[in-house]
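Everything below concerns the one structure shown next.
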There are 2 protein chains.
Amino acid sequence: MKRPTICDVARECGVSLSTVSLVLNNNPRISEATRARVLEAMDRMGYLPNVQARALASRSSRTLSVVVPHLNHVFADVYFGEIVSGIYDRCLEHHYRMMLDIANPRFVRQREYVNIMRSRRADCMLFIASSVNDEYLREFEDSPFPFLLVNHYFPNMNLNYIMVDYRQSARLAAEHLIGLGHRKIGIIAGTNTYTGRDYRDAFISACCVRGCRREDLPWVDGGKDWSQEGGFRAARILLGEHPDLTAIMAGNDRLAIGAMRCVHERGLHVPQDVSIMGVDDIPQAAYTTPALTTIRHPLYELGRRAAETAILLFREELQSCNEVLPVQLVVRESTGTPPAR
Amino acid sequence: MKRPTICDVARECGVSLSTVSLVLNNNPRISEATRARVLEAMDRMGYLPNVQARALASRSSRTLSVVVPHLNHVFADVYFGEIVSGIYDRCLEHHYRMMLDIANPRFVRQREYVNIMRSRRADCMLFIASSVNDEYLREFEDSPFPFLLVNHYFPNMNLNYIMVDYRQSARLAAEHLIGLGHRKIGIIAGTNTYTGRDYRDAFISACCVRGCRREDLPWVDGGKDWSQEGGFRAARILLGEHPDLTAIMAGNDRLAIGAMRCVHERGLHVPQDVSIMGVDDIPQAAYTTPALTTIRHPLYELGRRAAETAILLFREELQSCNEVLPVQLVVRESTGTPPAR
DNA sequence: GCTCCGGTGTAAATCGCTTGACGGCTCCGG
DNA sequence: CCGGAGCCGTCAAGCGATTTACACCGGAGC
């Protein structure tokens, strides 16, 4: 009536316990004949290894811990969703499992981030889009635990990271808007991440290089959750203080969608009066009215690479990682030439 | 240099290994004095129990397995996101972990759903919004493993479930549209779930009860992923075949958003020409143009209850579960009186 | 003086699997 | 005929906890 164990299988086909274990782990020391016999027995008996026991004995939990920031209902966020989907799929291919954790205040205060590793709950930790305030991650600089930042980095820390190329994004956005003729562009930036700050700064320099004046490139913070609400509020401030803006560049698509709503509520039209563009290319971007021009970030692929890298780091087949993925401009309907004045 | 184990702690404060374990598990057999001494030592030494070892010995993984359908990038779906957030939060409060799995073809073919339980990877499985085709779940009818359907049910199976009240949703939607004066209403239904079918059928009867003719309530399937694209296509069909519709009721908000885009592309206005409403009240619903009228489903709360229930089922403190949560109408801008003809 | 007993703590068996050391066997060259 | 090298398996010691049965001890009751 009980679940069969490795012992039952061993007894059943007259080999030792270790033999069964070796078969389970595809060890070449076992001959094909024996292997086949054992596998057959396993199948017949409906044997399945107990994951806890394997993890205990092998010192590998075959689990990645994915840590996301403490935002409202973060799992409902497409940005994280895409990355997490990528991680999940790659995990499966490696027969790994994925555990999700949220970096809430308790998580940080109680130093859960190190507890997870110390209690052997995971082989490696992936931090998705942490913020500039996550100074506590510095602990991982010289920790023995495998660790990877996903779509973020810290300028002065020696931490593994993998992310998309935010500076290239910024250049593409600048080229596009400047190319259309815009010279006064408002920026809605997320400033709670280094990537967000890089994006803002790179955008400003790229515009200046192409002939804009710095004072015609005002920026406002979009709030720390990069949400539509934040974009709405930021756009209201921008348009209030600079009614002559002809374009708004938002740090992500949701900020852009919020901004579009604001423009709409002021009785203006996108893109006739104000052009708006975002970043990420979330699925929703194609279904706004008008459809959103944006920079496509390969977030799903980023997740896959991240999972791959994490496993390699754990196995010590990789010592460090500092990787940057390319991005791409997607032109839709929300950007156009500035209105004639 | 190594992580301390329960043995090290025992040696350190001169008690037996079992004593430390009992302290760890808050067993009242240990006196306050000893308990304090042990806890102090643990703290000082930075002891943390090895989760694998505990799970092996105690036969509880303290893990819930959450299974979501195999949709494109499902983690990026707000509907699932909300439910999963609720589950996660409640798990944490119970010191449980949450594992995510996707019910893809491999998952079903290889009967992973039973393997997860048999390999002791999880204490209980939660299936979120499975579809009418998931006949394989019937296996759980008389399985010894704790199991819970979240926001779905099967009419002829004896399975535990917890979900929102789709029939009440349908009645509220019907009352609202009929109350505004609509008599010809197109329906975009998700028909790959029993809850979706219930919703459609309950809506039709509620309308008929209030004086509509059945032939004025055409319905079209919105596609199995309940996406904006599906809503767009369905709306095109509906409006093509029934140009005199004055309202469209969609089975969820994303279908509704797709339908809105279709109406817009035909040069019509919402709600002046066509009223549109959705279901769920995802955050985005407040930020469409015009803002979407919808039925609020308490998905986050549903997730919390589901996690709670799952743990009780595992502990056998609960034998079964058939729970239904109430819903609420949210009126915004996308519905209004029908155009005068 | 002896038994019974509640309150504390311990010993030892288990949970199910991994893995490095070792051992028998066959085959080969010298 | 002996020694060494592969090949194929087995032994047995962990991995780090839980848990049940039992032991000790001082005091109450008779």
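Just the heavy atoms: all of them, side chains too, but no hydrogens, waters or symmetry mates, feed the values below. Just so it is clear: chains get the letters A, B, ... in the order the sequence lines come, proteins before strands, and each one is counted from 1.
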Task: Nearest listed nucleotide, side chain of Leu22(A), among dT8(C), dT10(D), dG9(D) - done: dT10(D)
Task: Bend angle of the helix from dG1(C)-dC30(D) to dG30(C)-dC1(D), from helix axes over five pairs at each end, nearest 10° - done: 60°
Task: By ring pair (Phe, Tyr, Trp, His ring centres under 6.0 Å) - contacts of His152(B) (at least two apart) - done: Phe154(B), Tyr194(B)
TODO: Quick one: do Glu139(B) and Arg111(B) satisfy side-chain contact (heavy atoms from CB on, under 4.5 Å)? Show the steps, please.
DONE: CA-CA 10 Å; Glu139(B) 274 196 59; Arg111(B) 302 182 61 241; 2.5 Å; yes
Open item on the list: Does dG16(D) have OP1 or OP2 under 4.0 Å away from a side-chain N or O of Thr5(B)?
Closed with: no
Open item on the list: Can you see whether Ser61(B) engages Asp123(B) through a side-chain donor-acceptor pair at a distance of less than 3.5 angstrom?
Closed with: yes
Open item on the list: Does Val15(A) reach a base, just sugar-phosphate, or nothing at all? Heavy atoms under 4.0 Å.
Closed with: sugar-phosphate
Open item on the list: I need the CG-P distance between Asn26(A) and dT19(C), as an integer number of Å.
Closed with: 13 Å
Task: Side chains of Thr19(A) and Ser16(A), donor plus acceptor under 3.5 Å - done: yes
TODO: Could you tell me whether the phosphate oxygens of dC8(D), OP1 or OP2, come under 4.0 Å of any side-chain nitrogen or oxygen in Thr19(A)?
DONE: no
Task: Strand contacts (DNA chain C) in residues 50-63 of chain B, 4.0 angstrom heavy-atom criterion - done: Leu56(B), Ala57(B), Arg59(B)
Open item on the list: On the nucleotide dT18(C), are OP1 or OP2 found under 4.0 Å from the side-chain N or O atoms that Ser21(A) carries?
Closed with: yes
Open item on the list: In whole Å, I'd like the distance from the CG atom of Leu17(B) to the C1' atom of dT20(D).
Closed with: 15 Å
- [ ] Report the nucleotide, chosen from dG9(D), dC17(C), dC11(D), that has the shortest atom-to-atom distance to any side-chain atom of Pro49(A).
- [x] dC17(C)
- [ ] Considering just the side-chain nitrogens and oxygens of Asn25(B), establish if one lies under 4.0 Å of OP1 or OP2 belonging to dT18(D).
- [x] yes
Open item on the list: Could you tell me how far apart Asn27(B) (CG) and dT18(D) (P) are, to the nearest whole angstrom?
Closed with: 11 Å
Task: Cationic N near anionic O, under 4.0 Å, Arg90(A) to Glu93(A) - done: yes
Task: Presence of salt bridge, Arg35(B) and Glu32(B), under 4.0 angstrom - done: yes
Task: Ile6(B) CD1 - dT19(D) P separation (whole Å) - done: 11 Å
Task: Euclidean distance, atom CD of residue Glu32(B) to atom P of dG9(C) [Å, nearest integer] - done: 10 Å
Open item on the list: Among Arg118(B), Met117(B), Gln110(B), Glu112(B), which residue satisfies the side-chain contact (heavy atoms from CB on, under 4.5 Å) criterion with Val114(B)?
Closed with: Arg118(B)
Open item on the list: Given Phe147(B), which partner from the list Phe140(B), Tyr113(B), Tyr161(B), Phe314(B) fulfils the ring-ring contact (aromatic ring centres under 6.0 Å, His included) test?
Closed with: Phe140(B)
